[in-house]
Amino acid sequence: MKEAIEILKRNNLLKVIDEELDIYLEIPHIAYVEVKQEDSKAILFTNPIDKKTGKKFDIPVLMNVFCNEKAVKLFIGDGDKIGNEIESLLKMKPPTTFSEKLSTFGKLFALKNTIPKKNRGKGECQQVIKLGADAKLSDLPILTTWEQDGGPFITMGQVYTTSLNGEMKNLGMYRLQVYEDNTLGLHWQIHKDSNHFFHEYKKAGKKMPVSIGIGGDPMYIWCGQAPLPIGIFELMLYGFVKNKNAQLVKSITNDIYVPRDNDFVIEGFIDTSSHEKSIRIEGPFGDHTGYYTLEEEYPFMEVTAITHKKEPTYLATVVGKPPLEDKYMGHATERIFLPLLKTTAPDLIDYYMPENGVFHNLILAKIKTLYPGHAQQMMHAFWGVGQMSFVKHAIFVGEDAPDLTDHDATVKHILNRIDIEELLVTKGVVDALDHSSPKFAVGGKLGLDCTGDEIDELGITLLSDEELLSKIQSITDEVKDLKQYYTDTKNPVTVISVDKTRKQKELFEALEPIYENIKILIIIDAKNQNDVNNPYMLVWRVVNNIDSNRDLYIESDTICLDGTNKNSFDNFKRRWPDDVDCNKEVIQDLRNRGILNITDEFVKKFQL
Ligand SMILES: Cc1cc2nc3c(=O)[nH]c(=O)nc-3n(C[C@H](O)[C@H](O)[C@H](O)COP(=O)(O)O)c2cc1C
């Protein structure tokens, strides 16, 4: 971490805050606000304190290490360049000429570095060793990010596990809840690799070893979130990208190998002998969807050792409403994985997962269409591959579409091509965090094939926002506000906010007189800081909240998406989670103390 801090400093990407700040809400709130700023920086908090107990830590906390694209390039590299290297390896043909032979050997030789190297003896991460009762999680400045969180959570932990037969190794980035000084919750979700390993140990009635790294090279944590297939150790990706092997040492109290330059390593075991000994209620936790994930059962481990460097730094992140650090991490992942995705979807040209679609809620893909149904075929391929299968809404465009990151041009291109006949609604695996599906981890999928030509004129009569709102309010007073977007396209989008008093299909049907004025209607709640004039947060809200099997209605030529919170009107049986919001008093206090320099407009824009 010290090296990372130096790199950040040299590149003018680091703020240092020496003031005493609380590990409960204060530090995470400051980091949360910072990474939403235009030229966001990493922050080193040199004096973390637990105000509840008065405990002062001599361990600094580093946050937002991936604070922007520049920081990602410094620590990971150029995503496009790495993607191209992977692509050239995947396409490698037997060399014919001498110069081709040389270049092929170079590439193969580089692959040698992908195998992590096991070192004998102790690593820098083991300069200080605390065993048994001396290994206390409360000695680390572990943050509580959100008011409703179930406790403190380690948010940038590299979780190392192995399969029961030791043949497969895994590094996953999962959040870890602190219960007591020596028990730590392991939030590996149902689809994730370590969860599969856990079930092997459980079936065999064997203790499962787990080691958790914190800090070291920031690249480790990025590798931990990379969606590699089971059986491929993420540290091989480290070796490939860095062109040098990860250097590992054995944990002190279990057989798991961890990178030697980590700042901390937490070691332990899960006792799988009974449900009570292995499973506890985890959460709630303010998650990267911008909603809380509610309490659920997850495994936990007993800590047997905590080791660290002599002068360690504690690394953490904040997840919540976008944009946050995971935007920049995710963007690098997207670029690097494009060639790998092309191996299952060869006619894919590009794809883009905007961060306000929180990655799994919205994907835009550009393809070369070769035959009718090609886009649908690729949608099914996406929905059938690894973590790509979590994607809820997929929009496919053809080669003639603009650059996908050109938001305005891409939206126009899409809206000019949405054809009701081409909507694909299906069902499948969704992310374990999805709160809107009627059942846990299974829900609706919506695919829009916009690869065709522009559709014909729609024959609607456009009204101004005021005229349209007044027409609607003459039908019902449930509707509070309205804004139309992209009225210059074939499918203008009308957003209305409502005080919800019934199932929104009924409202949509009652609005039949306005079908002659609208094409796509989106409904949101008037509450929850929603603002019809804030398209960035509208996209975030709506793609989070809809399940296309329940919330998509079509009448005549009009499409309606119900982006409201679901409840008994919708026959919704699960608990609907709260938004992840900052504590208003903490924000105000930090503003009064001059630590946060933000305007009311900023608070509103990002719905803090
Ligand atoms: C900031 C951040 C936090 C994450 N937290 C979790 C988590 O708590 N649980 C989880 O299963 N995945 C979490 N993920 C996603 C996983 O890291 C990701 O799916 C990874 O590919 C899992 O690795 P695996 O396939 O080896 O299990 C998180 C990702 C990021 C960027």
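Order of listing sets the numbers, starting from 1, for every ligand and every atom in it. Position 1 is the first residue of the sequence; numbering continues from there.
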Evaluate the side chain to side chain contact (heavy atoms under 4.5 Å, CB included) criterion for residues M168 and T162: first the C-alpha distance (whole Å), next the side-chain angles of each, then the deciding distance (0.1 Å), finally the verdict.
CA-CA 6 Å; M168 288 194 273; T162 58; over 6 Å; no
More than 12 heavy atoms from other groups under 6.0 Å of CD on E3
no
Residues which pass salt bridge (charged side-chain N to carboxylate O under 4.0 Å, His left out) with E355, listed by chain and number, not counting sequence neighbours
K327
Answer yes or no for R280 and Y179: cation-pi contact, defined as NZ/CZ to six-membered ring centre under 6.0 Å and angle to ring axis within 45°.
yes
May I ask you to check whether Y160 and Y257 place their ring centers less than 6.0 Å from one another?
no
With a cut-off of 4.0 Å, which atoms of ligand 1 are near a heavy atom of E234?
26 (O)
Any atoms of ligand 1 less than 4.0 Å from a non-hydrogen atom of P227? List them with their elements.
21 (O)
Partner of N544 under side chain to side chain donor-acceptor pair (under 3.5 Å), picked from T289, D434, D579, N361, is N361
Counting heavy atoms only, which part of E325 comes closer than 4.0 Å to ligand 1: side chain, backbone, both or neither?
neither
What are the atoms of ligand 1, with element, lying closer than 4.0 Å to any heavy atom of Q225?
17 (O), 18 (C), 20 (C), 21 (O), 31 (C)
Would M329 count as being in polar contact with ligand 1, using the rule that some N or O on each side must be under 3.5 angstrom apart?
no
For atom 14 (N) of ligand 1, which protein heavy atom lies nearest, and how many Å away is it?
M173 O, 3.3 Å
Compute the shortest N/O to N/O distance between G172 and ligand 1 and return yes if it is under 3.5 Å, no if not.
no
I need the atoms of ligand 1 closer than 4.0 Å to a non-hydrogen atom of A226, numbered in the order shown.
21 (O)
side-chain hydrogen bond (donor to acceptor under 3.5 Å, both in side chains) with T333: which residues, sequence neighbours excluded?
W222, Q225
Where ligand 1 meets V319 - atom numbers and elements under 4.0 angstrom, heavy-atom basis:
1 (C)
